[in-house]
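Report on the following structure.
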Amino acid sequence: MEYDFLKIEQKWQSRWAADGTYKVKEDPSKPKYYVLDMFPYPSGAGLHVGHPLGYIASDIYSRYKRLKGFNVLHPMGYDAFGLPAEQYAIQTGQHPEKTTDINTARYRQQLDRIGFSYDWSRELRTCDPAYYKWTQWAFLKMFSSWYNPALDKACPIDDLVKLFESEGYDGISPEQWAAASDKERADILMRYRIAYLGETSVNWCEGLGTVLANDEVKDGLSVRGGFPVEQKKMKQWQLRVSAYAERLLASLDGLDWSDSLKEMQRNWIGKSEGTEVVFNTLCDGRELPVTIFTTRVDTIFGVTFMVLAPESELVHQLTSEAQKAEVEEYLKYVKTKTERERIAETKTVTGVFSGAWGVNPLSGEKVPIYISEYVLAGYGTGAIMAVPAHDSRDYAFAKKFGLPVVPIIEGCDVSEQSFDAKDGIMCNSGFLNGMQVKQAIEAAKDYVEEKGLGRRKTNYRLRDAIFSRQRYWGEPFPIYYKDGIATPVDEADLPLRLPEISSFAPSAKGEAPLERAKDWTYKGYPLETSTMPGFAGSSAYYLRYMDPHNDEALVSRQANEYWQSVDLYVGGTEHATGHLIYSRFWNKFLFDLGYVCKDEPFNKLINQGMIQGRSNFVYRIVGTNTFVSLGLKDSYETTEIHVDVNIVRNDRLDIEAFKAWRPEFADAEFILENGEYVCGWAIEKMSKSMYNVVNPDDICNTYGADTLRLYEMFLGPVEQSKPWDTKGIDGVNRFLKKFWRLFYDRDSFLVTDEQPSASELKALHKLIAKEQQDIESFSYNTTISAFMIALSDLGDCHKRAILEPLVVLLSPFAPHIAEELWEALGHSDSVCCTSFPEYKAEYTIEDSITYPVQFNGKLRFTLDLPAGSTPAQVEEAARTAPQTEKYVGGGRIVKVIVVPGRIINIVVK
RNA sequence: GCCCGAAUGGCGGAAUUGGUAGACGCGCUGGACUCAAAAUCCAGUGUCCCUUAAAGACGUGCCGGUUCGAGCCCGGCUUUGGGCACCA
């Protein structure tokens, strides 16, 4: 019987679906394990061969854990709200829901074809009202909570109201509170809510007609679509992520994530410990204290000017009459610049003198105050003290505006550039003179606090997340405006469904599409018209999988306590500063309120690498329709043309297919080498325009899903990015055929009940040990190698006692063929119901040998080892052997390395 | 500019974490089977010297160090991938 993978794979895929093989439910008798993939956004292009890489890796791990006796939760769903479907809707008028349905169905088809062990009964989509009910619910909880710094956690906002009523809080007395109107009270509370409406400078993207979060903008362009982004002041819903900055930072340490990813999050959170110092200022005779933030108070004697951010509220108060016109012109200039221009021009220094002066609280010196865009309004206090001698940005500004540079570290040269290092001995600095810089930093902080000039302050780069989008295809906010006061929709009325609208485009006035919705009201009042961003739906989806059909709660306590949190999360690094921060924040918030039992959502995280494309080229001789093979192209003047990789095999062009590919190549001529046309190649991103997209369906059709799975893993470590090259796939396909032939030849079943030999058992157990070790460390490529070695060690072994465990070992990698052979061996239930073979054998020395121990080129002693010696016995023998010539200083045996049947080396120190 | 990571044959990548460098696979070369091809199987395949083999020498981006022993550890570079970027 031949290995008919198409038939086998179809058979088992439909059987798994019919039997619900991978359905799981809480089972307290078994340990649980939760394996999660980052769910995909179902794009119109479908999956290419790079997408399933992580899914295959996690599926292997899930199947392995099942064999190890764990109750494995392994769900899948779709991140279905998003921009592409909406952009498509704007262009075509097609409802995004329709596009999403079509794409989702196609994704499902493609995923099923690969044979994943997902529990599809738990499938979810973020655009499903039954799902987004819980996204809205969480938003309401955030709206009605505040971050209580005393308890360092989120608490009901009612607690804060009580605080205002009883003893007052944060400068608001009970009397003031009592006297405040409803509107005033609402405004006060808004300043504390976790989800709040606030005016900020936002990333406005004209091209998309919406605001974007920081992680959705890169180099001044929108990540989706690549449209320019500008800064704009707008009133937007925001999430107080910044309140969690310290906790998000602190609990990173306990997570089993890669160091680089943790480092990325640490940088994004950007903790910096410094000092706030109050400078008195003078402007047209008025006095005004201004607080600045610095991490280098020690340099305060080197301050020669101060700078305000253009957006700072202090600008108006600190502009003198004389400078007013000039300042206003500068502010106008700054406003017209887009974010992209600002980034592009970071090296050009701009600014204007405000006309005001600041007084150095330590030296009493008067310094001018400037306004410049290099100071950011959103960080610190939006005002700085400038020390050009020891800060490169201040230095550049000072040079441009001819301001003095006063060094305060002995012997440093500031004629060409600033001296930024925190190293050296202080000078020109009053009481700090003679101290080491690091010492001076602490001394200056202490001094400032003692004298009441300022205080220590920790700042974070992490900003609150902008949560409003002026788009249609997202979750509606469960908020309505009662007499202008943002009011939550009753929980009982959730989900608040997305209304039908006539056109999906933003209105000409830049208003959100929901402005067009008829009767978009609640209790007779208007509803919020912006919708939530993409990350809203993906922030707690892992919780919903635990209990996906629950109408009463996001997740029941019982389900949550069983599944706890995600044990293994697999996905790309691109979410490092977006989804992975928001989810952690969201989870911590729910934890604070007692809805979930774990503080962190994802214990272990594996970042799969990207699969790049491998493009092929043909070379057309300029001005002709003649193509020259790679090896000969240097004799001609040629143009390089991308050619579809699907009509190239092993870099040899299928000439007939090429002629048929495009009409203009129908009568192409070729200059061949050795009768073949050899194509050039390059590693590029996998994309349609490079004609290098490989579709997993095609691979499944020609080689089978098991081969695809095996090959994707064989390509290299999961975490590493690597190019897809179909060339090597024959190797793993050959392996599966070979495996099949251990069971079947042309027409008979070969398996016997013979007793296995010692060497066969050894080959098997070597593999068991290797696979166990490799899967635990996600080193799947070496497991597959080990399989190939085992097969060649076993030769023509057809013994059941060997083959049966071999099938189980193969099943996580190639489940379909494993099921088929498992059934052939006479088992009626799925191979996933059995357990992982136990590792028993211990390697021993096969034949008795006399082993010469050499080091440093000389024979030191010999060991007589009887057959059957274990590594421990060999080591003991080596330790106690009389050495014929001791190593200088006295050699000591520390380690004996034994591989099956052979001593490799004896380590002497 | 700052912060991480990587560099091993023609290619993807192994190396028991300081102990036979190049496992396994691809590709290539030769052979068997075949009328022929496909499929399958066998052998060879780091470089240099050489008709070949043996033997030898060299060999993990570069320079130096530690060590009996370095792909792995330390110092200094080069190239490259990724992240952040006026964050005071």
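Just so you know, these numbers come straight off a predicted model, no measurement behind them. Below, chain A is the first sequence line, B the second, and so on; all start at residue 1. Values below: all heavy atoms of this structure, side chains included; hydrogens, waters and symmetry mates excluded.
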Sort out the partner of A21(B) for me: Watson-Crick or G-U wobble, both distances under 3.5 Å, none otherwise. none
Under a 3.5 Å cut-off for both contacts, is G5(B) paired Watson-Crick or G-U wobble with anything, and if yes, with which nucleotide? U80(B)
Who does G71(B) pair with, Watson-Crick or G-U, both distances under 3.5 Å? none
Is there a side-chain contact between R266(A) and the phosphate of C4(B), meaning an N or O under 4.0 Å from OP1 or OP2? no
State the pairing partner of A32(B); accept Watson-Crick or G-U wobble contacts with both distances under 3.5 Å, and report none otherwise. U40(B)
The answer to which of Q773(A) and R463(A) contacts RNA chain B further toward the 5' end, by nearest nucleotide, is Q773(A)
Tell me whether the OP1 or OP2 atom of G13(B) has a side-chain N or O from Q720(A) closer than 4.0 Å. yes
So, the side chain of S418(A) versus the backbone of D420(A): is there a donor-acceptor pair under 3.5 Å, distance only? no
Looking at residues at least two apart in the chain, or sitting in another chain, which of them share a salt bridge (Lys or Arg N to Asp or Glu O under 4.0 Å) with D464(A)? none
It should be established whether S272(A) places a side-chain nitrogen or oxygen under 4.0 Å from OP1 or OP2 of nucleotide A88(B). yes
I300(A) backbone acceptor or donor facing N360(A) side chain under 3.5 Å: yes
Below 4.0 angstrom from OP1 or OP2 of A14(B), is there any side-chain N or O of N781(A)? yes
Which comes earlier along RNA chain B counting from the 5' end, the contact point of L715(A) or that of T381(A), where each point is its nearest nucleotide? L715(A)
